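Side chains included, hydrogens not; waters and symmetry mates left out as well; all remaining heavy atoms used. Keep in mind that this is a model prediction, so the values were computed, not measured. Every number for a ligand or one of its atoms is a count from 1 in the order of the listing.
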Amino acid sequence: MTKLFEPLTLRGLTVRNRIWLAPMCQYSVERQDGVPTDWHLVNLGSRAQGGFGLLLTEATAVVPEGRISPQDTGLWNDEQRDAWARIVDFAHAQGAAIGVQLAHAGRKASTYRGFAGEPQNGTVPERDGGWEPLAPSAEAFPGYDAPREMTVEDIQGVVEAFGVAARRSVEAGFDTVEVHGAHGYLVHQFLSPLTNHRTDGYGGDFEGRTRLVVEIVDAVRANVPETMPVLVRLSATDWTEGGWDPEQTVAVSTVLREHGADLVDVSSGGAVHADIPVGPGYQVPFARAVREGAGLPSGAVGLITSPEQAERVLESGDADVVLLARAALREPAWPQRAAAELGVDWHEASYPAQYARAHWTSDLLAG
Ligand SMILES: Cc1cc2nc3c(=O)[nH]c(=O)nc-3n(C[C@H](O)[C@H](O)[C@H](O)COP(=O)(O)O)c2cc1C
């Protein structure tokens with residue numbers, strides 16, 4: 001038996017394997033109303049058919065001004081909830097678990113989606129459907145408009161919005177909620193000393209900068225059943241002197257565990273421009289640091305592409321699950337090929353009955 005195909009239980013949820021689909025923005029809500037569409041159903045649905053254990057949705061905004069682009073999905077109203085429910089039901093029918101990544105983009109909101117033939121960067125002006133971004137401090141991400149500094153009332157509104165979105169996630173049937181605390185979006189902007197220059201209780205020292213993420217996890221926990229796991233995605237480091245770093249990531253993960261978080265999905269970067277030494281599995285050591293240092297399960301993500309590499313991450317105790325992003329876009333049924341490559345019986349690889357006649361064999365792998 002491989003580790004990749006071993007089920008994982010977090011609270012009341014048992015996931016069929018440890019190959020998870022990483023959250024990936026599709027920027028495909030053409031109506032700009034945050035309601036997921038047939039694109040989202042097919043995109044997530046095909047990876048559920050392809051054997052992924054748990055699918056994470058793209059960053060899904062808890063308030064309209066929390067969207068990265070006007071074409072992002074949301075979960076701030078009942079129409080969005082009901083559209084998500086259809087996608088959740090399909091994933092469940094394929095035996096996959098599905099979680100929603102709840103997000104607020106902060107100063108990196110109201111940006112162009114960067115599709116070919118469209119503007120590549122900068123802030124979308126209000127006349128084109130954009131809005132004024134909010135952030136811990138009134139400092140722009142390079143190339144974007146300066147955000148407005150949030151008042152304490154704004155901050156408390158965001159915390160409440162995460163709670164309400166978590167309640168709607170439960171109503172939609174999601175199995176878990178992931179708080180997006182990475183990649184330089186709002187929560188990370190509060191965590192990092194490079195982007196948080198507040199002098200009130202939401203800034204300054206470690207306790208002040210981590211207060212928002214702790215309050216958000218509390219708000220989410222208060223709105224989901226005891227049996228539902230809560231995940232948090234963090235950037236382990238800003239890759240910049242004087243920034244957020246792995247020690248603080250382990251420390252906040254320990255606090256979040258005490259507040260009921262069940263797994264930290266460990267990424268890096270995004271708060272500021274930095275030289276990142278990108279390479280195969282480059283973020284895996286951070287997942288190990290969180291797992292060992294904070295004593296809770298962790299997820300490894302970032303240039304994990306081959307079945308052998310993914311299996312090794314789990315075998316060596318670096319992480320409890322692997323998350324695949326771009327490899328899963330290239331190959332929706334990556335887990336089913338991985339099973340064959342690792343010598344796992346195809347019956348363990350969650351093929352839909354409709355696809356059983358096409359299962360991978362060693363002859364096919366040999367080409
Ligand atoms: C098209 C695309 C969209 C992404 N959107 C999100 C997102 O919504 N939330 C998030 O946390 N990460 C997002 N990411 C980052 C991925 O989840 C992942 O961390 C990153 O791509 C590294 O993994 P990979 O090497 O397997 O692609 C996105 C990545 C891609 C390629």
Tell me which protein heavy atom sits closest to [atom], plus the residue, atom name and distance to 0.1 Å.
{"atom": "atom 17 (O) of ligand 1", "result": "Pro23 O, 2.8 Å"}
{"atom": "atom 31 (C) of ligand 1", "result": "Arg326 CG, 3.5 Å"}
{"atom": "atom 10 (C) of ligand 1", "result": "Arg233 NH1, 3.4 Å"}
{"atom": "atom 20 (C) of ligand 1", "result": "Ala325 CB, 4.0 Å"}
{"atom": "atom 2 (C) of ligand 1", "result": "Met24 CG, 3.7 Å"}

Using a plain distance cutoff, I'd like to know if [X] has any nitrogen or oxygen under 3.5 Å from a nitrogen or oxygen of ligand 1.
{"X": "Cys25", "answer": "yes"}
{"X": "Ala327", "answer": "no"}
{"X": "Ala59", "answer": "yes"}

Requested in this report: Give a yes/no on ligand 1: does Gly302 have at least one heavy atom closer than 4.0 angstrom to it?
Outcome: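 Distance cut 4.0 Å: Gly302 passes for ligand 1.
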Closer than 4.0 angstrom, basic N to acidic O: yes or no for [X] and [Y]?
{"X": "Arg11", "Y": "Asp175", "value": "no"}
{"X": "Arg168", "Y": "Glu171", "value": "no"}
{"X": "Arg221", "Y": "Asp262", "value": "yes"}
{"X": "Asp78", "Y": "Arg81", "value": "yes"}
{"X": "Arg18", "Y": "Glu6", "value": "yes"}
{"X": "Glu30", "Y": "Arg113", "value": "yes"}

Which atoms of ligand 1 are found less than 4.0 Å from any heavy atom of [X]?
{"X": "Val301", "answer": "18 (C), 19 (O), 23 (O)"}
{"X": "Ala22", "answer": "17 (O)"}
{"X": "Gln101", "answer": "7 (C), 8 (O), 9 (N), 10 (C), 11 (O)"}

Query - Pairs touching residues 283-295 that satisfy side chain to side chain donor-acceptor pair (under 3.5 Å), sequence neighbours left out - result: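 Sorted pair list: Ser268-Gln283, Arg288-Glu292, Arg288-Asp318, Arg291-Asp320.
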Query raised in the report: Just checking, any donor-acceptor pair under 3.5 angstrom between side chains of Gln248 and Arg209?
Result: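 Looking only at side-chain atoms, Arg209 and Gln248 do form a donor-acceptor pair, the distance falling under 3.5 Å.
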Report task. Examine the side chains of Thr151 and Glu153 and answer whether a donor and an acceptor come within less than 3.5 Å of each other. Result ->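 Distance-only check fails for Thr151 and Glu153.
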**Report entry** Region of His183 engaging ligand 1 - heavy atom pairs below 4.0 Å
**Finding:**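 The part of His183 near ligand 1 is the side chain, not the backbone.
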Query raised in the report: Which residue from Leu303, Leu21, Val322, Asp265 reaches closest to atom 25 (O) of ligand 1 through any of its heavy atoms?
Result: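 Looking at heavy atoms only, Leu303 sits closest to atom 25 (O) of ligand 1.
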